[in-house]
Amino acid sequence: MFFALTSDQQAFAATVREFVADRFDLDAVRAVVEDPDGDGHPLTLWKGLADQGALAVLVPEEHDGLGLGLLDAQVVARELGAAVAPGPWTTTVLAAEALRLAGSPAQQAAWLPALAAGETVGTVALRGEAGSWDGRSGRGITVDASGERLSGTASPVDYPGVAGLFVVAATDAEGAPGLYLVEAGAQGLSVRDQRTYDGTARVGAVELADTPGELLSGGTLSGGEAVGAVTARGAVLTAADLVGVAREALTRTVDYDRDRKQFGVPVGSFQAIKHTMADLHVGVTMAEHAVLFAAHALDSGETGDPATDIAVAVAKAKASDAAWAATGAMIQFFGGIGFTWEHEAHFFYKRARRRAPLFGSADEHRERLAALTID
Amino acid sequence: MDLSYTAEEEQFRTELRDWLAGSIPPEWAEPGFWRSLDDDESFRLRREWEASKTAAGFSGIQWPTEYGGRGGTPGMKAIYDEETVRAHAPQTVNVLGLTFLAPTVMAIGTPEQKSEIIGPMLRNEVIWCQGFSEPGAGSDLAAVATRGVRDGDDFVVNGQKIWTTNAMHGDKIFTLVRTEPGSERHKGLSMMLIDMDQPGVEARPLKQMSGASEFGEVFFTDARVPVKDCLGEIGQGWRTAMLLLSFERGASGVGQYTEFRRQYDEIVEQMRRFGRSDDPVARQKMANCLVELECLRYHAMHILTQVEQGRDLGSESSMTKLQWSETFQDLWEAFDDVLGPEASLERPRPDVDLTPYQAQAMWSRSVTIWGGSSQVQRNIVAERVLGLPR
């Protein structure tokens, strides 16, 4: 039994953590937050991550990647969450995952090396406006009878403004779902900036009007299975990001309340605060376990197997709740200062709050668990 | 990550499974079976079955062979916990002795204590109780007031213990006693091994809110305890007690998960029976229990890994206790939430007996109190894990 990160994985985490702390601290985050018109994609951070291999983790070695697993990738996601770091890391990794799982060798060769090197930013457009993440309602984008032209709207999409490649979930003329590649600049493709209170990301709607797209086919997975597999990886990497946010928020709050004095004593000596912190620590720790287990489940199995589906749903539900709770508590237990714009608590809270519903909210994943164990 | 057990451990699983399959009557798996028996009869049956388990070589899984144990790995203990639950094996009747006293005796007992205590315990010839809590010493264990006064080669002990598991069936009791007159708090205590079969010791059952009597009270009135029956140094009883309680840490979460996950499925079955399985609120409540149960399972794997790596778990056992006890209690609150008014009826329909479920629901109120209440555990996590000031 070895339920833990290997020393290599721990070293990888430390490398990413030290790099981000050194090159992209909270002042740098603030600069991105306070420039909502900017692209939210600082190149110093991006190039550094590429140099660390952080974009190549899951890409097979034959396409210039590291050929590692989701367990290794979640290490990066956690560190970026802890640093509330901006940038299109998650979406680029997911676009590459779509190619790895569903693309033909030619499609993989065309895109994976550039995605692994950070030369191309990728993003995924999996959900229609007001639709569901599992595609049961409102896929949003449809394919015409030729199978090569896409129309409709996907939202919300992370970093559409800087993406060179879009992986789009769409429904074909026969009603079958699939993943399609759409290149930036394609005819009829437009991006509408939607703005979000989470200044550590940029989000928009992707609108397609008779836009040329290429079905991902010839890989291991296709159709709805491919969409489900990419969505599941999105859920686990987002859960990892949220766990990183939650752990860092809790650590900062504990550090502050250890020293902050009121009534002549540190406020952290009050049981009202201690007991909440203890419950948060247990909750965040369980969420960390759940993310590890889910990442391992996808590395050693695939969606569609109930055990894997349960693992993914548990991880996303638990991490979403833990991040809401820990970042909300951060504001509360820093007191008034935690509610100010000058303080960093809102970076954590807003990132957690925006990401919690992505790739399925806690409620949606609990409903999935109910379907798997009650129906 | 490698979530598998070794080939040797899987071989152990196969052997244990075979033995369990041949030794557990099918009726033991019925939810109401044990409750249908008289308390003494239930105890006798469990005691005998467990002795046969020892004879078959499936007790003391991780104990050294020199003490009659199997000399197995932490992984084998986890497998043991999982398989015994799966097979509907009854819980041990000597839980406090096996979990706490035996490893303490192995660590600091005299040669005589080692030979006199461990073998008979493993064979269930002697049932052990724990005498820690008192009416005035619950969460605050150092407030122990039971006193022992030296009289020749004996101590004469007077006082009262409470919440004593198996008090009515116990043969001996390991007891925290104040042996230095005028001492306070953690000082001046001794750990005594007291024979309960003597005029100075009286056990009385405590009827719980569930109607059952797993706990009792033990009264000492001039009970006599030979000085040689102190465990650890006289006056160092607190140190012995802390060593003893440290053995609570282990891999039992695997067994707990297996048990609670089955209870989840049983509640789901009742949901279906009473037409509540489509209710979206009920589904959310149950699914949230499942999230916490699965987390308990992952946590158990994490703990097992730490144990196998030889790491000191420190105060992490407080997190384990919080996770399992709060989750178990939530699960049995969900039982009422999803069934509605039927949940409180013993026989909502002629063919449905809900009393075993209601017994679990009532029992679930106790688990966040005994073994260190949730509030005490939160203090430990906050102070010793997070480093918040006292």
Side-chain angles (χ1 to χ4, degrees), chain A residues 1-6 9 69 71 250-251 254-255 257-259 265-271 273-283 285-297 299-300 310-311 313-315 317-318 321 362-363 365-375, chain B residues 1-6 9 73-75 78 251 264-265 268 271-272 277-278 280 282-309 316 318-320 322-323 326 374-375 377-383 385-390:
Chain A
M1 178 68 60
F2 187 76
F3 184 86
L5 294 177
T6 62
Q9 287 162 337
L71 205 52
L250 180 60
T251 302
V254 167
D255 286 348
D257 284 0
R258 208 182 277 137
D259 298 329
V265 295
V267 295
S269 66
F270 297 129
Q271 284 191 331
I273 290 177
K274 272 186 185 169
H275 287 194
T276 307
M277 300 282 205
D279 283 339
L280 287 170
H281 177 64
V282 174
T285 304
M286 296 304 147
E288 288 168 342
H289 293 331
V291 169
L292 286 191
F293 188 85
H296 176 70
D299 280 339
S300 53
I310 286 175
V314 166
K318 186 66 185 170
D321 284 351
D363 282 354
H365 281 288
R366 279 190 288 264
E367 173 49 38
R368 180 87 186 112
L369 290 170
L372 286 161
T373 60
I374 297 174
D375 295 340
Chain B
M1 289 280 240
D2 177 6
L3 307 185
S4 62
Y5 294 100
T6 65
E9 287 166 343
T73 63
Y264 174 91
D265 289 337
V268 165
M271 269 177 96
R272 293 199 196 105
S277 58
D278 292 331
R283 291 165 72 85
Q284 284 287 319
K285 288 209 160 151
M286 287 303 289
N288 202 50
C289 289
L290 186 68
V291 168
E292 297 302 330
L293 285 173
E294 293 301 311
C295 286
L296 174 63
R297 176 175 158 228
Y298 313 149
H299 181 67
M301 293 188 223
H302 158 79
I303 294 289
L304 179 55
T305 303
Q306 300 297 305
V307 171
E308 285 185 358
Q309 307 274 314
E316 203 163 8
S318 290
M319 295 172 59
T320 310
L322 281 168
Q323 181 67 17
E326 296 287 331
S374 289
Q375 285 65 36
Q377 305 294 358
R378 289 186 183 108
N379 278 347
I380 292 171
V381 172
E383 289 165 12
V385 181
L386 297 177
L388 286 166
R390 287 178 71 88

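FYI, side chains are in, hydrogens and waters are out, and symmetry mates aren't considered; it's all heavy atoms of this structure. Letters go in sequence order (proteins before strands), and every chain restarts at 1.
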Do the non-hydrogen side-chain atoms of [X] and [Y] ever get within less than 4.5 Å of each other?
X       : Y       : result
M277(A) : K274(A) : no
S374(B) : L322(B) : yes
Y264(B) : T373(A) : yes

Applying side chain to side chain contact (heavy atoms under 4.5 Å, CB included) to M1(B) and L5(A), what does each step give before you reach the verdict? CA-CA 7 Å; M1(B) 289 280 240; L5(A) 294 177; over 6 Å; no

If you take all heavy atoms of [X] and [Y], which pair is closest and at what distance?
X       : Y       : answer
Y5(B)   : G75(B)  : CE2-O, 3.7 Å
P266(A) : S269(A) : O-OG, 2.7 Å
S318(B) : I380(B) : OG-CG2, 3.3 Å

For D278(B), side chain to side chain donor-acceptor pair (under 3.5 Å) partners two or more places apart: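 With sequence neighbours excluded, D278(B) shows a side chain to side chain donor-acceptor pair (under 3.5 Å) to no residue whatsoever.
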
Tell me, for [X] versus chain A, whether the close heavy atoms (under 4.5 Å) come from the side chain, the backbone, both or neither.
X       : result
E9(B)   : neither
M301(B) : both
L386(B) : both
Q284(B) : both
V291(B) : both
M271(B) : side chain
S277(B) : both
Q375(B) : both
Q377(B) : neither

With chain B as the partner, which of [options] has the greatest number of non-hydrogen pairs under 4.5 Å?
options                            : result
V254(A), L369(A), I374(A), V282(A) : I374(A)
R368(A), Q9(A), R366(A)            : R366(A)
A370(A), G283(A), A4(A)            : A370(A)

Heavy-atom distance under 4.5 Å to chain B: side chain of [X], backbone, both or neither?
X       : answer
L71(A)  : side chain
A371(A) : both
T251(A) : neither
E367(A) : both
A317(A) : side chain
L372(A) : neither
H296(A) : side chain

Flag, side chain of Q323(B) to backbone of E292(B), donor-acceptor distance under 3.5 Å: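 Judged by distance alone, yes, a pair lies under 3.5 Å.
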
Yes or no on side chain to side chain contact (heavy atoms under 4.5 Å, CB included) for M1(A) and L3(B), after CA distance, side-chain angles and deciding distance? CA-CA 5 Å; M1(A) 178 68 60; L3(B) 307 185; 4.1 Å; yes

Only counting residues at least two apart or in another chain, list the ones meeting salt bridge (Lys or Arg N to Asp or Glu O under 4.0 Å) with R378(B).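 Per chain and number, R378(B) pairs via salt bridge (Lys or Arg N to Asp or Glu O under 4.0 Å) with D279(A), E326(B).
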
Of the listed residues (V381(B), D265(B), T305(B), L296(B)), which shares the most heavy-atom pairs with chain A below a 4.5 Å separation?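 Ranked by heavy-atom pairs under 4.5 Å with chain A, first place is T305(B).
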
Pick whichever of H302(B), E294(B), R272(B) has the most heavy-atom pairs under 4.5 Å with chain A.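 Winner by heavy-atom pair count: H302(B).
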
If the plane angle is over 60° it's perpendicular, under 30° parallel, otherwise tilted; pick one for Y298(B) and F3(A).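 Taking F3(A) first and then Y298(B), their aromatic rings lie parallel (interplane angle under 30°).
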
Would you please test E308(B) and F2(A) for side chain to side chain contact (heavy atoms under 4.5 Å, CB included) and show each step? CA-CA 9 Å; E308(B) 285 185 358; F2(A) 187 76; over 6 Å; no

